[in-house]
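We name chains A, B, ... by the order of the sequence lines, and we start the count at 1 in each one.
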There are 2 protein chains.
Amino acid sequence: MSPSAGRRPTSHDVARRAGVSQPTVSRALRDDPNVSDETRRLVREAAAELGYILSQRGRSLSTRLTGQIGVVVSDLANPFYLEVLDTVHDALARDELRMLVLTPDEDDDAFMARLLDGSLDGAILTTTFLTSQLPAELARRGFPFVLLNREIDELEGDTCVVDSVAGARLAASELLRLGHREIGALFGPMTTSTGRDREIGFRRELLEHGITLEAARWRRGAFDFAYGHQGALELLESAPTAIFAANDVVAIGAYNAIRSRAIAMPDDLTLIGFDDISLAAWNVFELTTVRQDIGAMVQRSTKMLLERIGRRDGVPLPPRRVVLDPTLVARRTHGPPPAG
Amino acid sequence: MSPSAGRRPTSHDVARRAGVSQPTVSRALRDDPNVSDETRRLVREAAAELGYILSQRGRSLSTRLTGQIGVVVSDLANPFYLEVLDTVHDALARDELRMLVLTPDEDDDAFMARLLDGSLDGAILTTTFLTSQLPAELARRGFPFVLLNREIDELEGDTCVVDSVAGARLAASELLRLGHREIGALFGPMTTSTGRDREIGFRRELLEHGITLEAARWRRGAFDFAYGHQGALELLESAPTAIFAANDVVAIGAYNAIRSRAIAMPDDLTLIGFDDISLAAWNVFELTTVRQDIGAMVQRSTKMLLERIGRRDGVPLPPRRVVLDPTLVARRTHGPPPAG
DNA sequence: CTGAAAGCGCTTACAG
DNA sequence: CTGAAAGCGCTTACAG
């Protein structure tokens, strides 16, 4: 009567022990209202005695749902994505969903297969390139997903971003207000919406005040520490009075380079980043930056995703685009340009 | 003949299209040698035409394997674990395994159920407490797991750690060599093997040279930035000439506090951390620290785990314990005590 | 080399 | 309220 040693008990074992049928066990443990209190009690008791744990493998084959959400991140060494993962994990856990972390394959088709192999109910895409065909293909196949912090033009899918153009304008207008005219910029990759839009916003705000960036005073590069470090060293050659970095990781790379040259911030040089990752607030940095509310972005994104998963067999929801407002966080790396 | 619109094709659809049986499709796509080249070609063709993707849900119910490994981390905001996750992810990806990130529940039984519900082939436990009953219980149930960077006394399971006692002695002996006698320490939690063993090693090395820590000069606390910051401020009251921090996150918290007091490192104060996370090497810090080779730890851990998973239905492997050697990374926060 | 049958462990109509 | 039957989509002996 008891399950053979070494084998995990199944609902059949519980059924036998409780003297009911296997489907009744399934119903009782899911608190199906169509089960008498007495039966429910009996089943729960038997399950507890056997140490029964419901098999997600069996369940998911039947329900076509795994309770697993993929989070696609290409840059796992980036502290920004650590904060994203941390926040996403907690948001999913609240709905008893589990987080699977995926890195894109070199081969788009292989990666697509990993997303569509039935182990995921949906996915959160965080590092998508503007030219990626993947989201459109996922949408075509009806796979639930949401783009977080990145967008793709004319995509038929859900997106949640902070307004990068507006955020970069905020930074530029602060520099102008302080009186900076010799301005430098470390822009991000044009292959990403964040890189592109922050550059667009920054340049536009300057242009509306009659300022264009000198060639020696701007660069484009990856969203990483090394680019910020190297880029800043290059920009310093042309002695700008302020530098805007496309994100905080780049800004902190720049910060390190600037410090290594014994240049004082903000007295000799102003530095403004973007994101407001937790490092930015540390006293060694006290980085002035444009804040993206990661918590809000994650909440809105997961909400949209879960709604879409809920409708997956019904009438599909229209694509939605949520745009959140950035704010300027004034810390201690910005100030007026040095006199003279 | 073609699958109805909106439904994903299954191996049955492929079989019908290729004119073979469903099991033959299964064999052909798995490159079973018992399939003729012609049949294999036919099946592959049909699969490609239909855009067939093998369902992991069906597969895993049958094979009792999901290809998913759980990584248990309680402190997802900690940069050390970002590096662990990044490294684990890549190590698993090499074996086509996927990484599920889990945070322990408040309730041990509930968490156990999440590990044992059949969605994982095994787990890597990274933040286990010394008193946790979980690993012993997992071992008892034959669930494959490995402890990474933490140990539990007399555990019947696999473990991979860096020798914390030896590492802390390395730090202490460097301080002594430099001539420090007024020594402070920010130890980690006694509830963890890393916290406990680094404290043991550090104290032991000092003791063997006739030095004990004054009560005002040491603290115990969590492995986080805030403790490092606050703890350092407290230690500074008693003017030590050197501070050892139980890990780099604590050390960097301390660094920030020390800098906020305008105390120069290493001229006025020496600071040594533990771990060698990537932040430690940044020029703003240049933190001298005891290096743990995360890459090696992850390689050895995953190797042991995969071997154990491979044996899961056969003769179980004996528990193994791999201990790696720490090394001192000399950067720019250590030096002799200030004269006078 | 290939197919028919059984089974992995659940859930979900369908009867009663 | 409960059970018998079918099915989710694979893999794996077992025949032939």
Side-chain angles (χ1 to χ4, degrees), chain A residues 3-4 6-43 46-47 50-68 113 116-121 312-313, chain B residues 3-4 6-43 46-47 50-68 113 116-121 312-313:
Chain A
S4 60
R7 190 170 64 73
R8 290 183 40 187
T10 71
S11 55
H12 285 97
D13 299 315
V14 177
R16 214 168 300 129
R17 184 165 191 118
V20 299
S21 73
Q22 180 273 325
T24 296
V25 170
S26 174
R27 294 190 191 101
L29 296 180
R30 276 179 294 120
D31 277 326
D32 186 312
N34 291 332
V35 171
S36 73
D37 289 351
E38 174 59 5
T39 303
R40 193 192 327 278
R41 198 183 56 69
L42 237 53
V43 169
L50 292 175
Y52 170 72
I53 296 170
L54 187 145
S55 162
Q56 287 298 335
R57 289 198 294 253
R59 178 168 208 282
S60 70
L61 185 57
S62 181
T63 60
R64 297 146 171 276
L65 242 28
T66 59
Q68 299 185 160
L116 297 172
D117 70 5
S119 40
L120 301 173
D121 296 343
R312 131 191 136 284
D313 295 322
Chain B
S4 62
R7 191 169 64 73
R8 291 183 39 187
T10 71
S11 56
H12 285 98
D13 299 316
V14 178
R16 213 169 301 129
R17 184 167 192 118
V20 300
S21 74
Q22 179 273 326
T24 295
V25 170
S26 174
R27 293 192 192 99
L29 295 180
R30 276 179 294 120
D31 278 326
D32 186 312
N34 290 333
V35 171
S36 73
D37 289 350
E38 174 60 5
T39 304
R40 192 190 328 278
R41 199 184 54 71
L42 238 51
V43 169
L50 292 176
Y52 170 72
I53 296 171
L54 187 145
S55 162
Q56 287 298 335
R57 287 198 295 253
R59 177 167 209 282
S60 69
L61 185 57
S62 181
T63 60
R64 296 145 171 277
L65 241 29
T66 60
Q68 299 185 162
L116 297 172
D117 70 6
S119 38
L120 301 173
D121 296 342
R312 135 190 134 285
D313 296 322

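Identified under the side chain to side chain donor-acceptor pair (under 3.5 Å) test for residues 58-68 of chain A, with sequence neighbours left out: A:Thr66-A:Asp121, A:Gln68-B:Gln68.
The separation between B:Asp121 atom CG and C:dC8 atom P is 18 Å, rounded to whole Å. Atoms CZ (A:Arg64) and C1' (D:dC10) sit 13 Å apart, rounded to a whole Å. Atoms CG (A:Leu116) and P (D:dG9) sit 15 Å apart, rounded to a whole Å. Summarising the geometry, the separation between CG on A:Leu65 and C1' on C:dT12 is reported as 14 Å, rounded to the nearest angstrom. The CD-C1' distance, from A:Gln56 to C:dG9, rounds to 11 Å in whole Å. Rounding to whole angstrom units, CZ of residue B:Arg59 and C1' of C:dG9 are separated by 17 Å. The interatomic distance linking B:Asp117 (CG) with C:dG9 (C1') rounds to 13 Å, in whole Å. B:Leu61 has its CG atom 9 Å from the P atom of C:dC8, to the nearest Å.
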Protein N or O to nucleotides 4-7 of chain D N or O, pairs below 3.5 Å:
unit_1: D:dG7; atom_1: N2; unit_2: A:Ser62; atom_2: OG; d: 3.3

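To the nearest 0.5 Å, atoms NE2 (B:His12) and OH (B:Tyr52) are separated by 10.0 Å. A:Gln56 contributes atom CD, which lies 11.0 Å from atom CD1 of A:Ile53 (distance to the nearest 0.5 angstrom). Taking CD from B:Gln22 and CG from B:Asp13, the interatomic distance works out to 10.5 Å, rounded to the nearest 0.5 Å. Taking CG of B:Leu120 as the reference point, atom CG of B:Leu65 lies at 11.0 Å (rounded to 0.5 Å). Rounding to the nearest 0.5 Å gives a distance of 11.5 Å between CG of B:Asn34 and OG1 of B:Thr39.
Side-chain N/O atoms of B:Ser11 include one lying less than 4.0 angstrom from OP1 or OP2 on D:dC10.
Residues satisfying the salt bridge (Lys or Arg N to Asp or Glu O under 4.0 Å) criterion with A:Asp37, sequence neighbours excluded, are A:Arg40. Evaluation of the side-chain hydrogen bond (donor to acceptor under 3.5 Å, both in side chains) rule for A:Ser55 yields no partner, not counting sequence neighbours. For B:Arg312, there are no salt bridge (Lys or Arg N to Asp or Glu O under 4.0 Å) partners, not counting sequence neighbours. With sequence neighbours left out, B:Asp32 forms a salt bridge (Lys or Arg N to Asp or Glu O under 4.0 Å) with no residue at all. Annotation: side-chain hydrogen bond (donor to acceptor under 3.5 Å, both in side chains) contacts of B:Asp31 (sequence neighbours excluded): B:Arg44. Shown here are the salt bridge (Lys or Arg N to Asp or Glu O under 4.0 Å) partners of A:Arg27, two or more places apart in sequence or in another chain: there are none.
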- Pairing pattern in dot-bracket form [Watson-Crick, G-U; both distances under 3.5 Å; | = partner strand] for DNA chain D: |||.||||||||.|||
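For DNA chain C, the neighbouring residues in residues 28-37 of chain A, judged by any heavy atom under 4.0 Å, are A:Arg30.
Comparing atom distances between the A:Leu54 side chain and each of D:dC10, C:dC10, D:dG3 picks out C:dC10 as nearest. Nearest to the side chain of B:Thr10, among C:dG3, C:dC10, D:dC10, sits D:dC10. In the set D:dC10, D:dC1, D:dT12, D:dC1 carries the atom at the smallest distance from any side-chain atom of A:Thr39.
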